[in-house]
Amino acid sequence: MLYLFYLIAAISVISALTVVSAKNPVNSVIALILCFLSIAGHYVLLNAQFLAMVHIIVYTGAIMVLFLFVIMLLNLNRAAEPMKTLGTRVAAVLSGGLFFLTLLAALRNGISVTAANAFDPGVGLVHSVGMSLFSEFLLPFEISSVLFLSAMVGVVMLAKKEKTWTPPVRNAFTEKPLTEHELDAEG
Amino acid sequence: MVTADLLFSLVPALPLVGAVLIASARRYLSGTVAGMLATALMVGAFVLTAVAFSTFDPSTGGHTVRVFDWIQITGMDIPFAFRYDALALTMMLLVTGVGSLIHLYSIGYMHNDARASTFFAQLNLFSFAMLLLVMGSNLLITFIGWEGVGLCSYLLIGFWYNVPDYNYAARKAFVMNRIGDVGMVLAMVLLFQQFGTLEYSVILEQADGFSANAPILIAATLMLFVGATGKSAQIPLFTWLPDAMAGPTPVSALIHAATMVTAGIYLVVRCSGLFELVPLTQDVILVIGTATALLAASIGLFQNDIKKVLAYSTVSQLGYMFAALGMGAYSAAMFHVIMHAFFKALLFLGAGSVIHALGGEQDIRKMGGLKGSIKITYVTFLIGTCAIAGLPLLSGFFSKDLILAFAYQRSPVVYAVLVFGALLTTFYMFRLLFLVFFGSYRGKAHPHESPLSMTVPLMVLAALSVVGGVINLPHLFGGHEALKHFLATASSGISNETLHLSVTTEWILMGSTVLLVTSTIAYAYGRFARKAELDGEPETMPLFKRLLAERWRIDPLYAALFERPFGWMSTKLHTVGESRIMIPLTNGVGGAALRIGRVVRRVQTGNASFHLLAMVVGIIAFLFITLLST
Amino acid sequence: MEQEVITAIRLVPLEHYVILSLLLFSIGIAGVVFRRNTIIILMCLELMFNSVNLLLTAFSAYHSDPRAQVFVFFIMLVAAAEVTVGLAILVMMKRNVDSVDVNQLNRLKW
């Protein structure tokens, strides 16, 4: 069991590193999908079966496809990205490392967690999560649909092709738009 | 609130209404209309006061009329309240009565002035402040009035503001008064700190528990007295009053003779219970009062400005009142306050009438022989002069004699000095009278009698100066000291005072004073009435006389002692403190900020990825600090 | 059956999950700063979201509390919305400056 965990964890970390280091964005997306699948594996290990399924559907099925789609749409599937300066890259690695070390140091005394509830094998299955979601968290759940609606409207607004508009050339004195004849005369 | 209380608290409202009305409509009101309005309101205030006076029962000892809550916070309750008692009523009658007459007089005196309506607004405002001063039931209300009369005094002295000297005089009065006010504020702070209230009645009640000469009381009373010296022009703060004669003459009469300058005496009488407990302060008051009386009288001897003579006479008479306060003779002081208000207002208004008649001339060397041309002014001025000299049965006679009797009881030295001062007073007043009205006219103007609105107040005040003494007629003349018994209901100091001289002694004292005074008059008559003996410029006089004519050179002394060091300090602060320290310092701070900004601004690259990095570094630093601190 | 699940879950110590999600999160942070391609930066953000999700789920399982998993569910909702908006902005950016280089966004001052 423990070895299984280590295996999946190794896959997660390696694929995550690949996401960051791959030159081609498409490779990054593939690595990220792999990483998400491994995280779904962790969910299964933790008996969170509902989450594992939702995770695969939402992330791998929807979000990552969206990413791929955008990459194809914008024709980014080339390793044409110039690198940042060396200093920034060193700073990036340093800051990531330091962040990890700082939070790791917070764990230096280990975590002593006593389980808050008696163990229930049903936790993480569809039934228990669904009961909690539709009783205790019904209102936030409904409100989140508003969030999606607004996100949808926003995306449509943003991605809509803008009509290019150039202000009409005006006569400096009368402030009326110039006629075509005048425009020709201006050259 | 019962009706009497309501009427009582409406008294100061009338002049306030007048001041606001006239001030806001001053462009549309002619001086005469404004003057009539102002006078009508003052008369109304006088009538209200008279009604309040007639319904007042002295045996109750008075009570406090709470108009509204003013400052109410934890540990501090200062209401806007008036004290309805004998002392306040006496002062209010004086202020509104004499005030009404002087308002009336001003209509005639100011009718040619372009800003006469402003003048009346300020005069009404002064009356309001003065009424607040005498009516307040706590020190803070009194202090509002105290500052208000100071402000109006400043405004009215500098009324003709296009004359630089007058502005200087106004500023001098203001600054001198501020010095006194510092004492007043300190006294208030001390008293509040000690008693937790500023109500006179509570303070006086609680002060009974203190032993005589308790340090806190010494400090408080001395500070109160400093305030009184500023307002009432005593040594060392008296030099502003003669200069204050720059204002229009009715102002000199109302503010600088009859009412405002007596505020210091009122304050001491109001707090007499405190001063009774501190013999030390009483001695200080006695010494300063006596010294002022003598000093001012000696300066008055050789002044040539008709109003300056009267001004020094006022300072001298105020000195008498303070001497009386120092001896614990509060009723004598109050008596003299009232009598002095009558005859000194009369003298000032008479002087104003003379100046009016001569078209603005104030130098008595250019007057003379006026008794034929301005008869009413002459007769009334003569009455006033006799009253201030203390000729028998006139008002000044009774009040001054009472003070002298107390002085004799206290100490022969004080008595001798005060009698000598009284003789000096007689001499310079009669010198003034003879030089102005006797002999032959030495000027060039054409004297003419003043209009009725000016002569009527003169006559009323003359009548009061003659018969005023009856309000406190001593037992010797068949009276029963009515004023004293009336005031004693309001002031513990007055009910404690005693005069135990034998009848024979009193007769002898009175007789000798009268004898000396009449011989002084005769001497003055000989010197000035027949053949006017005029003084030239001070430079030509013998040394001692020159010193007197130059007012003991007190103004140059103050200039050398205070003004010049202050000026030197200011210049140094400017050249060194400001130019060399403050400006480089402030510019340095600004410059440093500028230079730091020039460097730090490079952090704001505007590059999103750089900002992202900065944010991450910040978060890590934040976490790191949190980690270290747990 | 029940005992098996318990041992299965608790066989892996909680610290391991914490360290794993920390590691993923740090990689995400490093990636955000490291790369210039905006789409990769968005993907790193997703990675960080997921590390947090993993942590929440791990604690949920150890405490036997389904509410944390509901939270993970909501985070997924928000992440989905965020990704759509983010990608739309990316499309805008590509259209306006013809690049997805984050260094093109250098006018954040003024």
Side-chain angles (χ1 to χ4, degrees), chain A residues 1-2 5 9 12-13 16-17 19-20 25 28 32 36 39 42-43 46-48 51 54 58 62-63 66-67 70-71 74 76 81-82 84 89 91-93 95-96 99-100 103-104 107 110-111 113 115-117 119-121 123-124 128-129 132-133 137 140 144 147-148 151 154-155 158-159, chain C residues 1-2 5-6 8-9 11-12 14-16 18-20 22-31 33-37 39-40 43-44 46-47 50 54 57-58 60-67 69-70 72-74 76-81 83-85 87-92 94 100-101:
Chain A
M1 203 68 188
L2 196 56
F5 169 78
S12 304
V13 173
L17 284 172
V19 170
V20 176
S28 282
L32 192 58
F36 284 171
I39 286 173
H42 284 297
Y43 289 158
L46 288 166
N47 200 27
L51 271 190
V54 172
V58 172
I63 295 181
L66 199 58
F67 267 99
V70 169
I71 288 171
L74 300 182
L76 295 174
E81 182 197 353
K84 281 194 178 179
R89 279 180 288 160
V93 174
S95 54
F99 184 85
F100 179 69
L103 288 184
L104 197 64
L107 292 175
I111 348 170
V113 178
N117 302 317
F119 186 76
D120 176 7
V123 167
S128 77
V129 176
S132 183
L133 184 60
F137 296 100
S144 60
L147 172 73
F148 270 106
V155 166
L158 282 174
Chain C
M1 166 65 192
E2 187 177 321
V5 177
I6 295 177
I9 289 177
L11 192 65
V12 185
L14 190 54
E15 282 91 342
H16 284 43
V18 176
I19 290 168
L20 175 62
L22 260 183
L23 209 50
L24 290 179
F25 199 92
S26 308
I27 292 170
I29 281 190
V33 184
F34 193 83
R35 298 298 294 254
R36 286 173 70 168
N37 194 337
I39 203 160
I40 308 279
M43 291 195 311
C44 290
E46 292 305 310
L47 191 60
N50 272 280
L54 179 59
T57 314
S60 162
Y62 271 73
H63 283 294
S64 270
D65 190 342
R67 280 177 295 187
Q69 299 195 12
V70 176
V72 171
F73 181 73
F74 281 123
M76 284 180 187
L77 291 188
V78 175
V83 160
T84 52
V85 176
L87 286 175
I89 292 173
L90 188 81
V91 170
M92 283 267 296
K94 173 74 178 176
V100 289
D101 188 347

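Side chains included, hydrogens not; waters and symmetry mates left out as well; all remaining heavy atoms used. Throughout, a chain's letter reflects where its sequence line sits, starting with A, and its residues are numbered from 1. In this text the structure is predicted, and so the values were computed from the model without any measurement.
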Pair C:Phe73-A:Val129, side-chain contact (heavy atoms from CB on, under 4.5 Å): steps then yes or no: CA-CA 9 Å; C:Phe73 181 73; A:Val129 176; 5.8 Å; no
For the atom pair [atom1] ([X]) and [atom2] ([Y]), what is the distance rounded to the nearest 0.5 Å?
X       : Y       : atom1 : atom2 : answer
A:Ile71 : C:Ile40 : CD1   : CD1   : 6.5 Å
A:Ser28 : C:Asn37 : OG    : CG    : 8.0 Å
C:Met76 : A:Leu51 : CE    : CG    : 5.0 Å

A:Phe100 side chain near C:Ile19 side chain, heavy-atom distance below 4.5 Å: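 They are in contact (side-chain heavy atoms under 4.5 Å apart), so the answer is yes.
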Within-4.5 Å side-chain heavy-atom neighbours: C:Glu15 and A:Leu107: no
Closest approach of [X] and [Y], non-hydrogen atoms and distance?
X       : Y        : answer
C:Ser64 : A:Val123 : O-CG2, 3.6 Å
A:Val20 : C:Gly31  : CG1-CA, 3.7 Å
C:Arg35 : A:Val19  : NH1-O, 3.9 Å
A:Ile63 : C:Ala80  : CD1-CA, 3.9 Å
C:Ser26 : A:Gly96  : CB-O, 3.4 Å
C:Leu77 : A:Phe148 : O-CZ, 3.4 Å

Heavy-atom pairs under 4.5 Å with chain A: which of [options] has the most?
options                            : result
C:Leu24, C:Ile39, C:Val18          : C:Ile39
C:Asn50, C:Ile89, C:Ile29          : C:Asn50
C:Leu14, C:Val83, C:Thr57          : C:Thr57
C:Leu47, C:Val70, C:Val91, C:Val85 : C:Val70

Backbone of A:Ser132 reached by a side-chain donor or acceptor of C:Arg67 within 3.5 Å: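 No.
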Most contacts with chain C, counted as non-hydrogen pairs under 4.5 angstrom, among [options]:
options                               : value
A:Ile39, A:Leu104, A:Leu147, A:Leu133 : A:Leu133
A:Leu66, A:Val93, A:Val58             : A:Leu66
A:Ser95, A:Pro140, A:Ser144, A:Ala62  : A:Pro140

Please state whether the side chain, the backbone, both or neither of [X] comes within less than 4.5 Å of a heavy atom of chain C.
X       : result
A:Phe67 : both
A:Leu32 : side chain
A:Ala48 : both

Under 4.5 Å from any heavy atom of chain A - which part of C:Val78: both
Side chain / backbone / both / neither for C:Leu23 at chain A, heavy atoms under 4.5 Å: both
Whether A:Phe137 and C:Phe74 hold their rings parallel, tilted or perpendicular, with breakpoints at 30° and 60°: perpendicular
C:Leu20/A:Val13 under side-chain contact (heavy atoms from CB on, under 4.5 Å): CA gap, chis, key distance, verdict: CA-CA 8 Å; C:Leu20 175 62; A:Val13 173; 3.8 Å; yes
